[in-house]
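This report concerns only the one structure given below.
Every chain is numbered from 1 and lettered A, B, ... according to where its sequence line falls, protein lines coming before strand lines.
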Protein chains: 2
Amino acid sequence: MTEKVTIGDVARLAGVSRQTVSNALNSPDIVREETRQRVLRAVEQLGYRVNQAARQMRTGRSRLIAIRIEPDRDGINGSVLDRFLHGLTESAARSGYRVLLYTADDDQAEVDTFEDLLGAYEPDAFVLTSTHHGDLRTAWLLDHKVPFVTFGRPWSADSASASHAWVDVDGAAGTAAATRHLLDAGHRVIGFLGWPSGSGVGDDRREGWARTLAAAGVDPAGLSRATSDGVADGEKAAHDLLRSDLGVTALVCVSDSLALGALHAARSPGLAWQPGRGPGGGAAERPVAVIGFDDTPVAKAVGLTSLSQPLAQAAAHCVALLTTLLDGQADPGEPPANVLLEPSLVVRQSA
Amino acid sequence: MTEKVTIGDVARLAGVSRQTVSNALNSPDIVREETRQRVLRAVEQLGYRVNQAARQMRTGRSRLIAIRIEPDRDGINGSVLDRFLHGLTESAARSGYRVLLYTADDDQAEVDTFEDLLGAYEPDAFVLTSTHHGDLRTAWLLDHKVPFVTFGRPWSADSASASHAWVDVDGAAGTAAATRHLLDAGHRVIGFLGWPSGSGVGDDRREGWARTLAAAGVDPAGLSRATSDGVADGEKAAHDLLRSDLGVTALVCVSDSLALGALHAARSPGLAWQPGRGPGGGAAERPVAVIGFDDTPVAKAVGLTSLSQPLAQAAAHCVALLTTLLDGQADPGEPPANVLLEPSLVVRQSA
DNA sequence: CAGTTTATTTTGATCGATCTAATCATGCCT
DNA sequence: AGGCATGATTAGATCGATCAAAATAAACTG
């Protein structure tokens, strides 16, 4: 163990009182410059570091941010949270905060954990991910006046009231960009592989595709398929869509999992298309173009064009919003701030 | 915020002193049974939770375990740490500990962070991942008598001295199992795609393959290729190995990244093989079998047979070793304990 | 039944920082 | 020079728990 250096040790060496050391560090402006220097030199010399536990007792602030780590549910998209976590840890550290992890199997368990953590470690704030309709967690936190930010919009009906700070990535803007990219490449009949409607994220992403396609004069009706998230599901849905006689030459997908399945389907015989004509018959076949979402390692590995979420940025914004909340700079009259970031298209071989 | 409930509140309600409440919770055996019940009822009623900061000040124990979260370097193998982290968080919680994250770009930066954290948050222990030759970090922690466990063996020359607790997965046993699986399936000339020698993990995994192949009467010499970790690298190396006239019909790979590359190579024309004869000429071609390592989401997605590390188990063992260290149950005379787990082969289409 | 031992509970101090309020200098104004 | 606002520093209390030691109650012993 490192020998403990307390504020008293520093005070003794600098020849001042404990409080002056504290002031020199926390309210530099009320200490005489020369004294401040002397204190800082002593701090340096002894390698003093403020003890969080002691500070926390007095101030009630732990400088901890808690976040739940999820079991990477479907696997393929699991690394998204991982990258976000990394960004969060870095940004938090830059602002003098540390990240504390916890797990919970469902909303209720998570709320219980809130109570546990607040009683024991007193994190200053929470970051919630995977927000969804009728989220118990946000209600509880608001109710107990615990500061928090969500990574993900509040997808509830009363989102108009915008009752908490959030950061999100604009899925619709992403799929719109993907669709535009395909249109620019000469595609017209562009399909969409999504999740069953009802999930905020999924609906949002579909909307971006539909809007852009319609704007280009193509009716999106009938060009979309919904399925659960999985490679096999994606393959099946893509097959179904490509076999129909609609002349689909490209697919925008709500996730890399579905896109990967679509890629398999697209490479199965008889589903390619010929430039300049409709599908079927002719030379120089071109494979169906596919674009995924999330830019997971899988996408990189198989050359799948995909939409990349600016996760490090999102994390940084979360921390920024939190520090504003915590430092009380937030105007209580103003509605809570929020940030919407645009994903970027990473072009690879698949489109 | 939740209204604060202190040990004093509980004491008042239960009609005893603060210390008795503390005893009832921490040393139940020295409190009269009836009193204990009364205290527990009061605790329940008020929803009391011990304040870690206050406890930490007195006891010097924070009940925090710190671990570094790495930027998922190559991406494809990134989720391994993620899954380990999840397991660690769960196991730690079960033992009354929480996980604190930090980042660091290299060993030196990590050591600096040790000092920071120990001064400020006083984590009770560290869990180190990615141990390697000449690891600065273990030396520093040993030197400062900070409890820690590594996930990964000490790969140093003086590993004989086994100076710290560790948990690891037996890579050699894994590749041995993979090789045996291929032998059982009728393969004889089985190649290996690995990393350049010098990395403990890589050498270990190669060794399991070589040993098993030799035991089956096949000389592994010349059947292995070394390359950096990447899909393209793997494809190139696999091509090279398959094109040689050695008659390789299967490949064991040190990682899923390389295996994915190998899979691509194996599917390129002219590299299949015919059962019952050597490569080239004949009917009923069979693709080259490929086995990867780590069972990443990519493996699952593309149907790659791979070796799965028991990460949740490994994490649980890490916590178990730590609690033994921290609760002082470890016999100081005994050398530190360690655990070696076996990976399991997840068989999919590729082999 | 006094004298001890053992069981149970309580009192007071303490961990290391910060808050509040008090003290001690200075400079300025009339 | 006295009065006073301002600047700089310090003394003492405090956060909530646990430790060490003391106090009290109960049990046992000869």
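- Checking side-chain atoms of Arg63(A) against main-chain N and O of Gly96(A) turns up a donor-acceptor pair under 3.5 Å.
- Here the side chains of Asp124(A) and Leu64(A) are not in contact, with every heavy-atom distance at 4.5 Å or above.
- Arg36(B) is linked by a salt bridge (charged side-chain N to carboxylate O under 4.0 Å, His left out) to Glu33(B), counting only residues two or more places apart in sequence or in another chain.
- Within residues 28-46 of chain A, the residues approached by DNA chain D to less than 4.0 Å at the level of any non-hydrogen atom are Val31(A), Arg32(A), Thr35(A), in residue-number order.
- No side-chain donor-acceptor contact under 3.5 Å links Thr35(A) to the backbone of Val31(A).
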Ignoring hydrogens and angles, write down the donor-acceptor pairs under 3.5 Å from the side chains of residues 87-94 of chain B, residues two or more places apart or on other chains.
unit_1   : atom_1 : unit_2   : atom_2 : d
Thr89(B) : OG1    : Leu85(B) : O      : 2.8
Ser91(B) : OG     : Gly87(B) : O      : 3.1

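- Rounding to whole angstrom units, CZ of residue Arg61(A) and C1' of dA17(C) are separated by 15 Å.
- In the helix from dC1(C)-dG30(D) to dT30(C)-dA1(D), the end axes, each obtained as the rotation axis mapping the C1' atoms of four pairs onto the next four within a five-pair block, lie 60° apart to the nearest 10 degrees.
- The side-chain heavy atoms of Glu110(B) and Leu128(B), taken from C-beta on, include a pair separated by under 4.5 Å.
- Between the side chain of Asn26(B) and the backbone N or O of Ser22(B), at least one donor-acceptor pair lies under 3.5 Å.
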- Query: How does each nucleotide of nucleotides 14-26 of chain D score, in 5' to 3' order, for protein heavy atoms under 4.0 Å: base (B), sugar-phosphate only (S), or none (-)?
  - Reply: BBBBBBB------

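- Taking the six-membered ring where the residue is Trp, the centroids of Trp140(A) and Phe114(A) are separated by under 6.0 Å.
- Arg153(A) places a side-chain N or O within 3.5 Å of a backbone atom of Val169(A) that can act as its donor or acceptor partner.
- With sequence neighbours left out, the ring-ring contact (aromatic ring centres under 6.0 Å, His included) criterion links Phe148(A) to His164(A).
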